[in-house]
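The structure presented is a predicted model; accordingly, all values stated were derived computationally and were not measured.
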Amino acid sequence: MKVVIIGAGPAGITAAYELVKKHSGYDVTVLEETDRIGGISQTVEYDGNRMDIGGHRFFSKSKRVTDWWYEILAPQGAPSVDDKLLGREKEYTAGGADPETSDRVMLKRHRVSRIYYNNKFFDYPVTMKAETIKNMGFVTTMSAGFSYLYSCIHRLEDNSLENFYINRFGKKLYSMFFEGYTEKVWGRHPSKISADWGSQRVKGLSVKAVLKDVFSKFTGKDTEKETSLIEEFYYPKFGPGQLWETALKDAVDAGVKLKTDSRVVRINTDKGRVTGVTYIENGAEQTINADIVISSMPVKDLIAELDAPVPKEIAEAAQGLPYRDFITVGLLVDKLKLKNNTDIPNFNGLVPDCWIYVQDCNVKLGRIQIFNNWSPYMVKDFKNTVWIGLEYFCNENDDMWNMEDQKFIEFASGELAKIGVIDISDILDTHIEHVKKAYPAYFDTYDRMDDIKAYLDGFNNLFCIGRNGQHRYNNMDHSMLTAFETVDEITSGRVVYDKSKIWNVNAEKDYHEEK
């Protein structure tokens with residue numbers, strides 16, 4: 001059976017690996033538009049330093065997903081809980097492998113994500129402890145408390161992301177920690193964004209969940225944590241891209257054909273079935289026949305490239321699907337001005353955060369990644385330099401996107417100095433990356449996705465997987481689960497496929513993880 005997979009991101013690579021490594025009788029070709037693999041989960045290397053595009057914690061409530069990770073990168077066994085990490089010489093790994101001599105290892109990390117607001121750090125999610133009250137001030141803390149109590153009594157209809165947040169945190173905390181940042185990320189006020197985004201990303205997180213977590217720690221009684229409250233996670237030695245590079249290499253060794261720099265321009269159909277895919281390779285059109293097509297390309301592009309009579313209302317709805325694009329600037333610096341005032345020891349006194357949310361509305365900077373804290377092997381000179389990523393959210397071809405690279409780097413560096421994180425004189429080197437369609441957005445014609453989905457499901461042998469393939473803000477593990485469900489369906493022996501389980505991934509109310 002000939003299977004064509006469009007896109008070499010987490011979903012596409014997982015599907016390819018599963019079909020050839022776990023099953024027989026499948027001739028699999030992967031078409032990737034760019035010269036890179038891994039999608040937004042790629043790791044970019046620049047002069048010996050590595051950038052995790054978007055930041056990826058390896059934590060999932062799906063055992064099938066975690067077992068797969070360990071199968072690829074920790075073949076000696078699953079991870080076990082060890083002490084907190086201090087530096088390269090004290091790393092702990094999955095399976096007990098030595099990270100200095102073995103590449104296929106997973107490092108255990110201590111999760112720290114904080115909000116930088118009014119030049120002070122707040123835990124994310126916001127915790128109920130003395131430091132939080134001190135940073136907020138007594139009056140603001142009381143105001144936030146009464147605001148939350150009011151929201152418990154006077155609940156709003158969950159018909160927007162704004163109401164979703166207010167119902168769970170109260171208006172005061174919403175205005176402090178969610179409103180401005182959300183508008184930075186999406187370019188829209190939360191009142192204009194569907195509550196579905198909150199339901200799929202932070203639906204289990206609330207003041208109530210935070211208090212429940214505090215109580216469980218105080219009493220010693222274990223309770224199931226919301227995934228936004230996890231304190232430890234695992235991470236590949238060389239970043240998330242290492243997982244996808246390794247998995248795809250193993251799949252290619254098992255027979256998968258990979259074609260990079262191959263942009264799909266047409267999905268060929270006949271009588272309600274997909275018959276093949278046409279793509280551009282080395283400037284020339286090539287067509288490959290297919291019994292099954294698995295697509296992780298953006299729904300907007302998939303509909304536009306279908307060689308079929310697409311109903312006008314479906315074409316318009318697909319064309320109107322919004323996306324948010326992404327720019328990250330890598331800065332190699334001598335040091336950060338931020339001091340580690342936490343009780344978490346870290347190498348060379350560096351703050352322990354994996355990423356820092358920037359709530360200052362006077363800058364456009366959204367988030368700071370500290371790659372040293374993801375893995376010391378991400379940094380060429382781990383002991384003497386700090387390698388950070390500055391994340392900006394924009395729309396393709398807007399002023400930010402079109403700014404010359406050097407000017408943008410100077411602009412981003414200036415913002416970071418403005419909020420007191422670095423001195424410009426400490427910058428040693430820089431790099432910049434642009435990522436198209438990084439985040440499918442939940443406004444404009446998003447409310448017509450059910451119609452688009454029903455139309456696409458009319459093509460029995462066409463499967464839509466992954467973040468952009470389903471226009472759903474999936475985490476990496478969710479994207480993998482869509483691939484697992486697709487492969488299960490393809491190998492089920494059924495003639496008419498049931499795609500409900502594929503579309504239902506990341507639709508449960510008790511699963512998701514914030515990022």
Side-chain angles (χ1 to χ4, degrees), residues 61 113-115 117-118 122-129 132-133 135-137 139-217 223-230 322 324 357 359 361 366-367 393 439-444 446-447 449-450 472-475 478 504 506-515:
K61 289 186 177 180
S113 300
R114 291 186 293 173
I115 296 168
Y117 176 77
N118 280 346
F122 294 82
D123 290 340
Y124 183 80
V126 178
T127 55
M128 299 297 110
K129 62 184 185 182
T132 303
I133 297 172
N135 286 344
M136 290 177 63
V139 173
T140 302
T141 301
M142 293 300 293
S143 174
F146 284 117
S147 174
Y148 171 66
L149 292 174
Y150 182 83
S151 71
C152 292
I153 300 170
H154 300 279
R155 292 188 65 81
L156 303 173
E157 183 181 355
D158 266 353
N159 58 5
S160 71
L161 187 56
E162 178 175 62
N163 288 358
F164 176 92
Y165 278 133
I166 291 174
N167 284 338
R168 286 155 183 80
F169 295 94
K171 194 164 186 177
K172 183 65 176 180
L173 287 177
Y174 157 74
S175 65
M176 290 175 63
F177 296 127
F178 295 97
E179 185 175 18
Y181 183 80
T182 301
E183 193 161 6
K184 272 188 192 181
V185 173
W186 298 110
R188 299 285 182 95
H189 190 268
S191 61
K192 307 297 183 183
I193 301 173
S194 170
D196 285 0
W197 188 87
S199 296
Q200 292 182 357
R201 302 300 293 185
V202 293
K203 84 274 141 268
L205 182 60
S206 64
V207 169
K208 180 180 178 181
V210 172
L211 291 173
K212 182 180 177 182
D213 183 60
V214 171
F215 179 77
S216 68
K217 289 178 179 177
T223 59
E224 185 176 359
K225 283 182 178 293
E226 296 301 332
T227 48
S228 292
L229 299 172
I230 64 164
R324 197 69 164 149
Y357 296 93
Q359 297 289 5
C361 291
R367 199 168 64 175
F393 313 99
Y439 305 124
Y442 288 33
F443 40 82
D444 294 345
Y446 166 77
D447 60 354
M449 260 305 297
D450 284 345
R472 181 172 291 161
Y473 200 145
N474 288 326
N475 273 344
H478 302 134
N504 284 338
N506 199 8
E508 304 89 342
K509 296 301 183 183
D510 60 350
Y511 183 82
H512 324 76
E513 179 190 0
E514 152 279 327
K515 183 177 295 175

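- Across all non-hydrogen atoms, the minimal contact from F443 to K192 is CB-O, 3.5 Å.
- To the nearest 0.5 Å, atoms CG (D447) and CG (D196) are separated by 9.5 Å.
- Contact between N159 and N163 at its shortest, heavy atoms only, is OD1-ND2, 3.0 Å.
- Annotation: the span from M136 atom CE to N118 atom CG amounts to 11.0 Å, rounded to 0.5 Å.
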*Evaluate the criterion side chain to side chain contact (heavy atoms under 4.5 Å, CB included) for residue pair K171 and L156; output intermediate values, then yes/no.*
CA-CA 11 Å; K171 194 164 186 177; L156 303 173; over 6 Å; no
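- Applying ring-ring contact (aromatic ring centres under 6.0 Å, His included) to Y117 and the options Y181, F177, Y357 leaves one that passes, F177.
- Summarising the geometry, atom CD belonging to Q359 is positioned 14.0 Å from atom CZ belonging to R114; distances are rounded to the nearest 0.5 Å.
- Residues I115 and M176 fail the side-chain proximity criterion, which asks for heavy atoms closer than 4.5 Å.
- From F393, atom CZ reaches atom CZ of R367 across 5.5 Å, with rounding to the nearest 0.5 Å.
- Pairing each heavy atom of Y165 with each of T182, the nearest pair is CE1-OG1, 3.9 Å.
- Nearest heavy atoms, C361 versus G180: SG-CA, 3.9 Å.
- Using a 4.5 Å heavy-atom cutoff, the side chains of E179 and E162 are in contact.
- No side-chain heavy atom of Y148 sits under 4.5 Å from any side-chain heavy atom of L173.
- Formation of a donor-acceptor pair under 3.5 Å by the R324 side chain with backbone atoms of A441 is not found in this model.
- Separation of the Y473 and W186 ring centroids falls under the 6.0 Å cut-off.
- Of all non-hydrogen atoms in G170 and S147, the two that sit nearest each other are C-OG, 3.4 Å.
- Going from atom CD of E183 over to atom OG of S191 covers 8.0 Å, rounded to the nearest 0.5 Å.
- Nearest approach of S151 to N167, heavy atoms of both residues: OG-O, 3.9 Å.
- For the pair N475/H478, a side-chain contact is recorded, criterion being any heavy-atom separation below 4.5 Å from C-beta on.
- You'll find the ring centres of Y442 and Y446 inside the 6.0 Å limit.
- Within 6.0 Å of atom NZ in K184, more than 12 heavy atoms from other residues, nucleotides or ligands are found, so the atom counts as buried in its surroundings.
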